[in-house]
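Here's the structure, in structure tokens; my notes come after.
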Amino acid sequence: TPETLAQLADHPYIVGMKMRGLVEVRDEVLGRAGRYHEVSDNLHVKEVLVEDDRRYIVCFNPDEAKKDRLDREATLEKIREKLSSGGVKRLIGNRGYRRYLKVGKGSAAIDPKRVEEDERYDGKYVLRTTTDPARFDGDGLLKPEALTARLEYVFVVCAIVYVASAGQEWQENEMRG
């Protein structure tokens, strides 16, 4: 939430972002052209700066993209089966199916535009971070040891905020091991 990001503003953080529900991520971040840097066979990343103060890392996993495509194809096949048997009401009540449907009066059909829109998310996830861009070398941010250190730091910061908001006295040695 914006409130959480505001609380973390003075600390380095890495946060996973919703891709479909946040306009900035959906339109500006995912819509931005740019090359991906290959970190490993199943991880490609690109950096996107929005208004020079919000830094996003778009991650793409080709293996996950293939899985997403196959899952969507299976879902669309189920929808076709249910449409042919007249089960429109059950389709509309199912969020997973409704995502791909165009609904009219008493009828429903697969909407190719919605299917195409869903394809753009295949294998992707978006991170927002405040880490120093000069330290971003295409993969340094996302190496497991770097992520672990940053996540441990963020956990400690969040614990401090939580403890402070609960009115308890903070003991740093209680958190660091």
Side-chain angles (χ1 to χ4, degrees), residues 1-9 13-131 133 136-139 141-143 147 150-151 154:
T1 64
E3 295 80 24
T4 303
L5 292 174
Q7 287 180 345
L8 293 173
Y13 65 80
I14 301 171
V15 179
M17 303 299 289
K18 291 184 178 183
M19 295 188 297
R20 290 175 173 87
L22 297 173
V23 174
E24 181 173 274
V25 173
R26 184 186 65 226
D27 296 343
E28 292 186 49
V29 176
L30 291 174
R32 184 89 44 98
R35 290 182 177 257
Y36 284 92
H37 303 279
E38 187 172 333
V39 176
S40 65
D41 290 342
N42 66 347
L43 180 61
H44 305 227
V45 299
K46 77 175 176 180
E47 178 182 29
V48 176
L49 290 175
V50 176
E51 296 181 11
D52 294 331
D53 66 340
R54 291 184 302 282
R55 185 165 174 254
Y56 294 90
I57 308 297
V58 180
C59 304
F60 174 71
N61 180 333
D63 298 335
E64 201 62 32
K66 182 178 179 181
K67 179 191 171 299
D68 292 345
R69 182 179 49 79
L70 293 173
D71 289 347
R72 183 177 45 259
E73 288 172 2
T75 300
L76 291 171
E77 187 57 37
K78 288 180 188 176
I79 292 172
R80 287 184 193 97
E81 289 172 12
K82 291 186 186 286
L83 285 173
S84 67
S85 67
V88 174
K89 284 188 179 183
R90 287 193 317 213
L91 287 174
I92 295 170
N94 183 317
R95 261 183 47 190
Y97 294 157
R98 193 173 51 230
R99 166 188 297 178
Y100 303 112
L101 294 174
K102 180 187 277 186
V103 180
K105 291 184 178 181
S107 68
I110 294 174
D111 186 347
K113 288 182 182 178
R114 289 185 175 195
V115 173
E116 184 180 326
E117 172 68 19
D118 193 62
E119 289 172 356
R120 76 185 285 221
Y121 300 106
D122 286 359
K124 292 181 184 170
Y125 58 96
V126 177
L127 303 173
R128 182 168 165 181
T129 182
T130 56
T131 57
F136 181 68
D137 58 2
D139 66 346
L141 173 69
L142 299 170
K143 286 183 179 172
L147 267 178
R150 286 181 180 90
L151 290 174
V154 168

Practice problem: Show the numbers, then the answer: is there a salt bridge (Lys or Arg N to Asp or Glu O under 4.0 Å) between R72 and D68? | Solution: CA-CA 6 Å; R72 183 177 45 259; D68 292 345; over 6 Å; no
Quiz prompt | Stepwise salt bridge (Lys or Arg N to Asp or Glu O under 4.0 Å) test for E117 and K113 | solution = CA-CA 6 Å; E117 172 68 19; K113 288 182 182 178; over 6 Å; no
Quiz item: Can you check side chain to side chain donor-acceptor pair (under 3.5 Å) on D118 and Y100, steps first, answer last?
Solution: CA-CA 8 Å; D118 193 62; Y100 303 112; 2.9 Å; yes
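A donor-acceptor distance shorter than 3.5 angstrom exists from the side chain of R114 to the backbone of L101, with no hydrogens or angles considered. No donor-acceptor distance shorter than 3.5 angstrom exists from the side chain of R69 to the backbone of G123, with no hydrogens or angles considered. Judged by distance alone, the side chain of K82 and the main-chain N or O of Y97 form no donor-acceptor pair under 3.5 Å.
With values rounded to the nearest 0.5 angstrom, I57 atom CD1 is found 11.0 Å from K46 atom NZ. For the atom pair I110 CD1 and I79 CD1, the distance stands at 5.0 Å (nearest 0.5 Å). The CG atom of D122 lies 13.0 Å from the NZ atom of K66; values are rounded to the nearest 0.5 Å. Atom CZ of R20 and atom CZ of R120 lie 10.0 Å apart (nearest 0.5 Å). With values rounded to the nearest 0.5 angstrom, H44 atom NE2 is found 12.0 Å from H37 atom NE2.
By the 30° and 60° cut-offs, the orientation of the rings of F60 relative to Y36 is tilted.
Closest heavy-atom contact between P62 and D41: CG-O, 3.7 Å. Considering every non-hydrogen atom in both A108 and L83, the closest pair reads O-CD2, 3.3 Å.
Residue-environment remark: CG (D27) exceeds the threshold of 12 foreign heavy atoms within 6.0 Å.
Under the side chain to side chain contact (heavy atoms under 4.5 Å, CB included) criterion, R54 pairs with E24, V50, E51, Y56, R128, sequence neighbours left out. Legend: residues meeting side chain to side chain contact (heavy atoms under 4.5 Å, CB included) with D63, ordered by chain and number and at least two apart, are N42, N61.
E47 is listed as a side-chain neighbour of R55, based on a closest heavy-atom distance under 4.5 Å. E64 has its side chain out of reach of Y125: every pair of non-hydrogen atoms, C-beta onward, lies at least 4.5 Å apart.
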